[in-house]
Undergrad: 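I have a structure here, written as structure tokens, and I will follow up with some questions on it.
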Amino acid sequence: MSNLRHLLHSWISGRVNLMSLVTKQKEKLAELIKEALINAKSSGELSFEEIPEIELEIPREKQHGDFASNIALTMARFVKKPPRVAAEIIVSHINDREFLEKVEVAGPGFINFYLGNNWLYDVLKTIQNQGNQYGNSDLFRGKKLLLEFVSANPVGPMNVVNARAAAIGDTLARIFKAAGYDVATEYYVNDAGNQTNVFARSLEARYLQVAGIDCEFPEDGYPGEYVTELAEVLWNENPGLLNLPEEERLEVIRQWGIDQMVEMQRADLAQFGVEFDRWFSEQSLHKEQALEKVMALLDERGFIFQAEDATWFKSTEFGDDKDRVLVKSDGSYTYVTADIAYHYDKLKRGFTKLLDIWGPDHHGYIARMKAAIQALGYSEDTLEVLILQYVSLLRDGQQVKMSKRAGEFVTMQDLLDEVGKDAARYFFLMRSPESHLDFDLTLASEQTNENPVFYIQYAYARICSILRQAQEMEVEIVNIDQAPLHVLTEDIEIDLMKKLADLPDEIRIAAENREPHRIARYALDLASLFHSFYNHCRVLGEEEPIKQSRLNLIKSVQVVLSKVLDLLGIDAPERM
RNA sequence: GCGCCUGUAGCUCAGGGGAUAGAGCAUCGGACUUCUAAUCCGAGUGUCGCAGGUUCGAUUCCUGCCAGGCGCGCCA
């Protein structure tokens, strides 16, 4: 029995611990306001039917307190009093003066709360206790989410939009995990489509050319240099293909070429810090007759019809602007058929949320996939699609011209070579996913103060440096519970602690709204506050209480910086 | 024609219905015998594309328009 009680208690306190301290203060204040409203009502000073939702916000202006409530503004109409008057009445009924340092009515009728610093010292303790778990929540506990991204065709090198998708998808996955999602990541390999034929014929032509056989390059073939390079490798590995019957040779070349490209993509992505839980082959769907099966299901449900020698999906039933061909008049499948089968496969595996990240050229595709999801009996919002916008590259202020037709484009690999993993990831992550991105290659490759990546990493390295020297000086850092944190009263120290307190909510909002750039910005803001602190306050060489408290403060900053850099997939260097 | 994205300081962009709209860069001026100056501090700049609507309150939400980017295949 006591065992059970103990379990229950730890479960409850575990949940409470996962609630951010900011949220905790807000709830406490909301409770105080609620009591005040009830008191004001029973004393006859305010009359109203129901207590509305009480919102607390952190004011932009510091002079407006730590938290503010607009309750008097929203209730003014119901209580039939001017907002400021209502606010004064509410304030006069607020009891807990121990928790509150000061309460003021300000502006058009806001109630501003000043809390003092104790809760901020608790933030530091929480960070030390939770370590790299700090900021995590169980918001999405029990939700199974499948995140599919990049899914570039295995017939060429990945481009910069693929790279953007990789950075955003990978960081989103990390954010989702922190927010409690049960998330899996997947890369869909289009290894069965028409473009693999084009690729195979291009590769074959180059192979024959390498072998010295005069051979015309296919008109619609892929002109990129990489095809020739692959052909040379293949020729060295396997000159015997010349002797095979044409059809068989093409098939071997196709499979070999795709395998090479997939391996290359996997390696490039790994170098970018992105690894998938699963690489899902389109061919495997064909082998399992998944396309036939899903079509049979759609047929059963009455969403299939024949017309003009083709088989159609009645996607207009679900708001698509036209119906879609599933089987072409030549008997082959369209891309969408395999994709429907793939998404059905995801659903059958028990995922309750499918999130796809697509390039901007696929936005017209959303309606038909959502239609398919619904036709299969799932709700429309089971599938969510994040459309990325284009990336333009700038070098020395000039836009880099790219021509796919001429085989001239900057690949993901080029990008990594030029600016490195950390800068590339940060630049992709610092803008909101759906905005067009100007990627400044010159800036990203600079190792100067203008580069935000180094700015953040430098903050981390500085902390490590101080802690290293503390160790060399044999300074014993007292446990946070023993540290005299109340001496942390400088403005910059307060600001820094408030920023640390924000992390759980930042992660929650970033997860809810699919906004990884919030974390990138948070990292920059936190680094900026730390650098400011560094220049205003000394750590080592101060009196014992201050030194101990600041050591604990910077240790907390270190934990949080390490956490956000990890979410961004960027290294946290101990020296620079 | 239909659809998606964008429009905020000279440039690149933040800004979850709140109070005086922010940051970096660029420009100018300051701070290293002291824990890494890849840093910090100070200085000014806005018809938040335009017009309506909802609201006590709109850069934020809705509608229409204007401008820019990109899509609209029995390709993938």
Side-chain angles (χ1 to χ4, degrees), chain A residues 55 57 59-61 63-64 68 70 72-77 82-83 106-110 112 151 153 155 190 192-196 198 220 282 308-312 321-322 324-336 338-339 359-367 387-390 392 394 397 430-438 440 443 446-459 461-470 473 505 509 512-513 515 517-518 520-521 524-525 527-528 530-542 547 550 554 575-576:
Chain A
E55 290 171 40
E57 61 162 15
R60 196 162 36 208
E61 297 292 328
Q63 320 130 20
H64 295 147
N70 61 358
L73 290 151
T74 55
M75 287 185 77
R77 195 170 9 158
F110 289 104
N112 293 339
S151 299
N153 286 332
V155 297
N190 289 141
N194 189 41
Q195 83 284 347
T196 66
V198 178
D220 60 348
E282 183 188 344
E308 301 164 45
D309 295 327
T311 305
W312 297 71
D321 52 3
K322 27 184 139 152
R324 305 294 169 177
V325 169
L326 295 183
V327 185
K328 299 181 235 173
S329 49
D330 69 358
S332 64
Y333 291 103
T334 59
Y335 173 81
V336 71
D339 218 6
D361 48 336
H362 282 68
H363 87 263
Y365 200 77
I366 297 173
I387 294 290
L388 298 184
Q389 292 301 321
Y390 281 97
S392 13
L394 301 175
M430 70 183 178
R431 301 283 176 248
S432 101
E434 57 203 17
S435 67
H436 302 254
L437 173 67
D438 281 329
D440 188 334
L443 177 59
E446 267 173 25
Q447 309 220 342
T448 70
N449 53 354
E450 293 172 31
N451 191 328
V453 187
F454 292 99
Y455 182 87
I456 298 164
Q457 291 179 321
Y458 184 45
R462 271 183 150 175
I463 295 171
C464 294
S465 173
I466 297 172
L467 294 175
R468 222 166 23 237
Q469 286 178 56
M473 294 160 71
D505 290 307
I509 296 166
E512 279 173 350
N513 300 348
E515 293 176 334
H517 69 285
R518 290 191 77 102
R521 174 146 301 258
L524 192 65
D525 290 346
S528 171
F530 173 76
H531 284 309
S532 189
F533 162 82
Y534 184 93
N535 277 275
H536 278 100
C537 303
R538 297 193 59 75
V539 178
L540 303 175
E542 290 288 343
K547 178 167 73 182
R550 288 187 178 158
I554 67 167
R575 296 168 197 272
M576 285 177 77

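Per chain, numbering begins at 1; letters A, B, ... match sequence-line order.
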Undergrad: Look at all strands and tell whether A:C537 reaches a base, only sugar-phosphate, or nothing, counting heavy atoms closer than 4.0 Å.
TA: base
Undergrad: Any N or O donor-acceptor pair under 3.5 Å from the base of B:rC74 to the side chain of A:S329?
TA: yes
Undergrad: Are OP1 or OP2 of B:rC40 and a side-chain N or O of A:Y455 less than 4.0 angstrom apart?
TA: yes
Undergrad: Could you give me the stems involving RNA chain B, meaning stretches of three or more consecutive Watson-Crick or G-U wobble pairs whose two defining distances are both below 3.5 Å?
TA: B:1-7 with B:66-72, B:10-13 with B:22-25, B:27-31 with B:39-43, B:49-53 with B:61-65
Undergrad: May I ask you to verify if any side-chain N or O of A:K322 is less than 4.0 angstrom from the OP1 or OP2 atom of B:rC72?
TA: no
Undergrad: Tell me what A:D220 touches on the nucleic acid: a base, only sugar-phosphate, or nothing, going by heavy atoms under 4.0 Å.
TA: nothing
Undergrad: If a protein heavy atom is under 4.0 Å from the base, mark B; if only from the sugar-phosphate, S; if neither, -; do that for nucleotides 2-13 of chain B going 5' to 3'.
TA: -BSBS-----SS
Undergrad: Counting any heavy atom closer than 4.0 Å, what does A:E542 reach on the DNA or RNA strands: base, sugar-phosphate only, or nothing?
TA: nothing
Undergrad: With respect to the side chain of A:V325, which nucleotide from B:rA19, B:rC74, B:rA37 is positioned closest?
TA: B:rC74
Undergrad: Measuring to OP1 and OP2 of B:rG73, would you say a side-chain N or O of A:Y365 lies under 4.0 angstrom away?
TA: no
Undergrad: Kindly point out which of B:rU55, B:rA37, B:rG18 is positioned nearest to the side chain of A:R462?
TA: B:rA37
Undergrad: Heavy atoms under 4.0 Å, any strand shown: does A:F110 hit a base, just sugar-phosphate, or nothing?
TA: base
Undergrad: May I ask you to say what A:E308 touches in the nucleic acid, namely base, sugar-phosphate or nothing, with a heavy-atom cut-off under 4.0 Å?
TA: base
Undergrad: At under 4.0 Å between heavy atoms, what does A:A367 touch on the DNA or RNA strands: base, sugar-phosphate, or nothing?
TA: nothing
Undergrad: Within less than 4.0 Å of OP1 or OP2 of B:rA76, is there a side-chain N or O belonging to A:T334?
TA: no
Undergrad: Heavy-atom nearest nucleotide on RNA chain B for A:R575 versus A:H64: which residue maps closer to 5'?
TA: A:H64
Undergrad: Name the nucleic acid region contacted by A:H517, choosing base, sugar-phosphate or nothing; use a 4.0 angstrom heavy-atom cut-off, strictly under.
TA: sugar-phosphate
Undergrad: Kindly say whether, by distance alone, the side chain of A:N70 makes a donor-acceptor pair under 3.5 Å with the base of B:rG18?
TA: yes
